[in-house]
Trainee: 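This is the structure I want to talk about, given as structure tokens.
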2 protein chains.
Amino acid sequence: MQLAAVIDAGGVSEGAAMLGLTQPAVSRSLAMLEARVGEPLFIKGRRPLQATALGSQLAVQGRAIISASRRASDVVQGFVRGTTGQVRLGGVPFFIDAMISRMVGEFLNLEPGVTVQQAYMNLPELTAALEANQIDIGIVPIGALDLGPRFVFTEILPGRNIVACRPGHPLMRKRPLEAGDLTRYPWVAPLPGSPLMSDLQMILMSIGMSDLNIRYSGGSLMSVVHVLAETDALAVLPFSVVFAQRQENRITVLPYDIPQPNRSLGILRLTSGPRNPAVERFAGYIISAFEDLKHVIRRHERSVVWAAGPDSSM
Amino acid sequence: MQLAAVIDAGGVSEGAAMLGLTQPAVSRSLAMLEARVGEPLFIKGRRPLQATALGSQLAVQGRAIISASRRASDVVQGFVRGTTGQVRLGGVPFFIDAMISRMVGEFLNLEPGVTVQQAYMNLPELTAALEANQIDIGIVPIGALDLGPRFVFTEILPGRNIVACRPGHPLMRKRPLEAGDLTRYPWVAPLPGSPLMSDLQMILMSIGMSDLNIRYSGGSLMSVVHVLAETDALAVLPFSVVFAQRQENRITVLPYDIPQPNRSLGILRLTSGPRNPAVERFAGYIISAFEDLKHVIRRHERSVVWAAGPDSSM
DNA sequence: CGCACAGTATAGCAATATGTCATGAAGTTG
DNA sequence: CAACTTCATGACATATTGCTATACTGTGCG
């Protein structure tokens, strides 16, 4: 490192200053290096200090070490500030696709030094991945069940499912809507193993039917939305997911009340995980983004209510 | 470096062994690093030692430092053996193009770790470049003049100029050849400033003419050969340069004796330059290659003489 | 040619970083 | 739960590495 600094600075004194050392210190360590190597690193008796071939080649490695060292400091600094690092995120597909990925994009703009590595997974794999230190944070809907003291769960949105369909769906005009109406149309089922799958079972039980006419299953959110928009199919979806799609106006909420799962979307983390400011920042950003989202949803519902007719209860 | 070694080796003890240190030494320096950083680098209480995010990121830089350090050792080792390094070569264009570049190619095959950086220059710039440590070695024809004690000159081939022309040139059949014949054909002049230029002047004086019909000048060796081969032009060239082109059979030696310069091709180096085994190896290779070349030339001339007719003098 | 100056090497010394050995603590495994 | 492996800690030695002060050497100018 000293060799590189001296060669780059053009003199022992300047090179020493560049490293925050005194000239004698550098002079001596270079002399010792020369002795160790057994070859001159500088051409003696030249005033504009001139390196030998060997000196220049060694300086290349010295520069590499200097820059690696500097980067190491940057890594540490960036880490404690949370402005550098990697966030390994796991989450259920629909929420990730509908909302989280958008927030990730905004977060990446705010924190240019952070990278996000994301994997789709449901609750069982997610807890395993957290414990195996494969992910730092999970975004998942969780029921009342307690996962034990090893995990900490932060709710970010209360769970609320609805039946979704395309805006021009025939059932949108039918009043009153009855359970039997729902079974007359094809259904889109969510990914097997996802929480929505059990919600769908629950709804089936509540309306007293044993099965639905499931025409499509296993698709990602984008695929499901496309199918809903192009057909008269119905699907159980989290309200927030449908809400996030409101701009596109491809799917809407069918005004039929279904049993609600006792479940909330939230952030799952290890209790005793090592501090990671980048992850904390990310979690904070997600939480505040959902805080904002709740307000937007409230305003939106109010306006929908008003559009349907004045309601003093808000 | 220790962090990287420990993470790569999968344990403190193994990592320490990999660096030739004892386990407590590494254990403590890592503990001190953790204290300095203020963040854990490892997840405590996990038997297959697991690094935190910060630990892994710092290890990346550690690996960079390890490899730079290892490369530095390689550079030194390769340098003292002469198997690694850079040879900065300066030389006159015609010799470089005709012979040296070919030998450089052979040398590069022998020494895969050596790179050759070459620059075309004539004697004045060459000595300046040597003194300024811009080149390590020069290949140049030098006259009797002594350059002083700062330079050491190693002759590799006695200078010998001939008049070159294409094999089917009309003068090749004319006997006897007289000075006037030479002036009736166009000439190709070498690069201005090159030693051949002064040789050409000398030849002019010797045949009592003040100027020649110079039709082409300033070309590299390949260009000159092309022009000679396509026209009836003549040129003064070093015999060895023409000899090196014998395979292509594009130019040949016109059997007309011209005044010979008191000059030899050789290797010019600084007397007090820093030892550079790669350069020494290169110089040694060039010298031995020219040694071989001299033998080939001798055999060739003998066979030419025999072809012309038996000669008891050899 | 020699003097002044800038820059580099050397000397002496102090602090600390870094190593080793011995040993205790903690986690893993049969 | 005991044996074993692996990591952390303590006590100590020493080599590295830093600093201040000073001698040396090459450079440039009168």
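Here is how names work: the chains are called A, B, and so on, in the same order as the sequence lines, proteins then strands, and each is numbered from 1. For the numbers below, each heavy atom of this structure counts, side chains included, while hydrogens, waters and symmetry mates do not.
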Trainee: Determine yes or no for a side-chain-to-main-chain donor-acceptor pair under 3.5 angstrom, with A:Asn262 supplying the side chain and A:Gly143 the backbone.
Mentor: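 Checked: no pair found.
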Trainee: How long is the line joining CZ of A:Arg36 and P of D:dT16, in whole Å?
Mentor: 9 Å
Trainee: Does B:Ser198 reach the main-chain N or O of B:Ser194 with its side chain, forming a donor-acceptor pair under 3.5 Å?
Mentor: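 Checked: no pair found.
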Trainee: Just say parallel, tilted or perpendicular for the rings of B:Tyr285 and B:Phe107, cut-offs at 30° and 60°.
Mentor: tilted
Trainee: On DNA chain C, nearest-nucleotide positions of B:Ala25 versus B:Met32: which is more 5'?
Mentor: B:Met32
Trainee: May I have the distance from B:Met18 (atom CE) to D:dT6 (atom P), rounded to whole angstrom?
Mentor: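 Whole-Å distance recorded here is 14 Å.
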Trainee: What is the distance from CD of B:Gln23 to P of C:dA22, rounded to the nearest Å?
Mentor: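 Rounding to the nearest Å, CD of B:Gln23 and P of C:dA22 are 14 Å apart.
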Trainee: So, does B:Thr22 get its side chain near the phosphate of C:dC21, meaning an N or O under 4.0 Å from OP1 or OP2?
Mentor: no
Trainee: Round to a whole Å and report the spacing from CD of B:Gln50 to P of D:dC7.
Mentor: 14 Å
Trainee: Quick one: is A:Ser27 getting a side-chain N or O under 4.0 Å of the C:dT8 phosphate, OP1 or OP2?
Mentor: no
Trainee: At 4.0 Å (heavy atoms only), tell me whether B:Gln2 reaches a base, stays on the sugar-phosphate, or touches nothing.
Mentor: sugar-phosphate
Trainee: Which nucleotide in the list D:dC7, D:dT9, C:dG19 gets nearest to the side chain of B:Pro24?
Mentor: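 Between D:dC7, D:dT9, C:dG19, the one nearest the side chain of B:Pro24 would be D:dT9.
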Trainee: In whole Å, I'd like the distance from the CZ atom of A:Arg28 to the P atom of C:dC13.
Mentor: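 Checked: the CZ to P distance equals 13 Å.
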Trainee: Check the distance between D:dT16's P and A:Leu33's CG and give it to me in whole angstrom.
Mentor: 13 Å
Trainee: Give the rounded distance in Å between these two atoms: CE of A:Met1 and P of D:dT16.
Mentor: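 Taking CE of A:Met1 and P of D:dT16, I get 18 Å after rounding.
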Trainee: Are B:Ser264 and B:Ile156 close enough that some pair of their side-chain heavy atoms sits under 4.5 Å apart?
Mentor: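 A side-chain contact is absent here, since even the closest heavy-atom pair is not under 4.5 Å.
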Trainee: Rounded to whole angstroms, how far apart are CG on B:Leu30 and P on C:dT18?
Mentor: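 About 11 Å, once rounded to whole Å.
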